[in-house]
Structures are given as C-alpha cells and as structure tokens.
Amino acid sequence: MSAMNDTPTIAVPAATLILTRPSAKVKDSFEVLLLKRSQDAGFAAGSWVFPGGRIEDEDFTGTVQTISPQDQTLNGAIQTAALRETKEECGVDASEQTLHYFAHWTTPEFSAKRYSTWYFIADMPHGQPVNIDQHEIIDHCWLTPQAALDKYWAGELQFTPPTFISLAELSDIEGSAHLADFIASRHAPVVLPERIDSNGGQQTLLCVDSNPLQHPRQWRQRTLVRHEKGMRVEF
C-alpha cells in the first residue's frame, strides 16, 4: 500500500503459462518448466517462476481494451500475452489451442507492486528447446512438482506464494496419465490472498476462491503460512 493512504496499488493485468512434459527421470510422472528470475528483476527477483508477464497494448485486438480480475471471459489478449511472454522469456512457441485456464491470482492489497494474473497450463510443444533470454531470466530447469517442493525446502529454490501453491496442488496428481483428467475436471480458482496473522517473523495468508459455487467440493481455501524457514500450505 501507499505510505500516504490506505488505497491499494492498482494490480497490473498479467498472464502466466505452466508448461508440462512427461518426466524422463520419474516413471509415469510429469515435470513443469521453472525459470529463474534475475536478481535485478523488478518483481520476484531471484525467484523461480513459470513463464509469464504483464499484458501489453500489443496483445489486444478489436475494441476490448480493459481486463477485470473478476472477468471470467478468457479473451484473446490474456492468452496472447501468455504465449508472447513464454516465447520472449524461454523461446517456446506454444499454441493457443493447447491452453487450459488454471487459476487467477491477484497480489494482496498490502503489497507495493501488484499483479492480476491469469494462469494457464499446457503441454510443452514436442521437439522445441528452451532458450532463456539471459536478461530477466538467467536459468531454467524441468522438475516434477514434488521435486521442486523438495528443493524449496532444502533452500535451493525460491518461490512466490502462487507458484508454491500451484506446485503443491500439482504434486497431488498421481502420475502423468491423470494430468489431463485433472485439468479437464478442475475448477479454476480466483484468489486474492488476505493476511490474517503476522507475528514473530511468521505471516499467514488466507487464500480463498472467490467463485467456488460451480464446484463447491473443490478449491475453496488454502492457508499459506510463511516463516523464516519457508512456506507451508494447508489444504
């Protein structure tokens, strides 16, 4: 928030793409592509993230020029931005036809820099290499979601809360054969985390799906506890 008043910073519209592929190391499992952001990056410096970035004017076509975090219409600009940013950051040319809506996250209102981000998930195009831009992105790796979480707890990787919770959810899928069914049946949550407690170096974020009515037994709430040793999520 601004130091002058309690008005939250406006959240910049953005899009992110989770790319998956069959694991070459773990039988019947799948891996996700993670990119390491430069320490000089203006947001999530040093963190490992999925490809993505802000929606630019060039991503819009026709007359639609605005996006609302509450808008469930996946218009062309959002998907175009996800594909463009993925191409720019890691050289992967994915197809719009392969994108599946995964989630929408808005940075908490108490944050100084905020994004309203649509997350998609898609298969990695066959035969394409990963070529990072060596500017905003300085490294990449393919890991199973569980291996990524293990490396986080070992202090080897740093994640933002949406990345951490996405990996935690994906780690519960029992093998690559179930991934497509999970994506097809899953309700994509719309989340604005709220800080509900902060003391002794520990911060608790309540992550609630603001539109859970379609599939009330699915993604309702996640509680993310952040402390000096890392994060943990309670489903």
Side-chain angles (χ1 to χ4, degrees), residues 14 16-53 82 85-86 89-92 94 102-103 105 107-108 111 115 117 119-124 128-179 182-183 186 189 191 193 201-205 207 219 222-235:
T16 289
L17 178 57
I18 304 171
L19 287 170
T20 69
R21 72 176 188 184
S23 175
K25 298 179 180 179
V26 182
K27 184 179 180 181
D28 298 327
S29 188
F30 64 93
E31 301 171 333
V32 297
L33 177 63
L34 292 167
L35 308 179
K36 185 176 184 181
R37 291 181 61 80
S38 165
Q39 292 290 350
D40 297 326
F43 184 78
S47 293
W48 288 80
V49 299
F50 306 120
E85 286 286 343
T86 298
E89 291 188 343
C90 62
V92 175
F102 187 80
W105 284 81
T107 314
S111 302
Y115 290 92
T117 307
Y119 281 70
F120 296 90
I121 190 168
D123 292 334
M124 174 70 173
Q128 288 196 34
V130 175
N131 294 306
I132 57 176
D133 64 17
Q134 297 290 351
H135 176 56
E136 286 189 26
I137 306 301
I138 59 174
D139 200 359
H140 81 281
C141 65
W142 285 96
L143 292 170
T144 66
Q146 186 58 57
L149 293 172
D150 290 343
K151 286 183 175 292
Y152 168 81
W153 283 113
E156 299 176 29
L157 303 181
Q158 175 183 330
F159 299 131
T160 62
T163 303
F164 183 87
I165 289 184
S166 297
L167 289 168
E169 188 171 7
L170 290 170
S171 71
D172 284 339
I173 301 173
E174 297 180 356
S176 57
H178 298 279
L179 179 60
F182 167 81
I183 293 172
R186 178 178 178 276
V191 188
Q202 177 172 296
Q203 182 184 87
T204 302
L205 296 179
C207 305
W219 215 111
R222 307 287 186 264
T223 301
L224 185 71
V225 181
R226 305 180 69 180
H227 50 86
E228 59 184 14
K229 293 184 178 180
M231 291 184 283
R232 74 174 187 270
V233 60
E234 300 171 1
F235 286 79

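All of these numbers come straight from a predicted model, not from anything done at the bench.
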Measuring only between side-chain heavy atoms, which start at C-beta, is [X] closer than 4.5 Å to [Y]?
X	Y	value
Tyr152	Leu167	no
Val130	Met124	yes
Leu149	Pro145	no
Leu170	Ile121	yes
Pro51	Leu33	yes
Leu17	Glu85	no
Phe102	Ile183	no

Using atom types as modelled, flag every donor-acceptor pair under 3.5 Å from a side chain in residues 34-41 to any protein atom, sequence neighbours excluded.
residue	atom	partner	partner atom	Å
Arg37	NE	Phe43	O	2.7
Arg37	NH2	Phe43	O	3.1
Ser38	OG	Asp40	N	3.0

Working to the nearest 0.5 Å, report the span between [atom1] of [X] and [atom2] of [Y].
X	Y	atom1	atom2	value
Ser171	Glu169	OG	CD	9.0 Å
Ser166	Phe50	OG	CZ	5.0 Å
Asp172	Gln146	CG	CD	8.5 Å
Lys25	Trp142	NZ	CH2	12.5 Å

Show the nearest heavy-atom pair for residues [X] and [Y], with the distance to one decimal.
X	Y	value
Pro189	Val191	CB-CG2, 3.8 Å
Ala24	Glu31	N-OE2, 3.8 Å
Leu143	Ala148	CD1-CA, 3.9 Å

### Task
Check side chain to side chain donor-acceptor pair (under 3.5 Å) between Thr163 and all other residues, then give those that pass, not counting sequence neighbours.
Thr160
Quick one: list whatever passes side chain to side chain contact (heavy atoms under 4.5 Å, CB included) with [X], sequence neighbours left out.
X	answer
His178	Ile173, Glu174
Ser176	Phe30
Thr117	Ala14, Thr16, Tyr115, Tyr119

### Task
Mind telling me whether Phe159 and Phe164 have parallel, tilted or perpendicular rings, with 30° and 60° as the class edges?
tilted
#### Entry: Qualifying salt bridge (charged side-chain N to carboxylate O under 4.0 Å, His left out) pairs, either residue in residues 146-166, two or more places apart
Lys151-Glu156
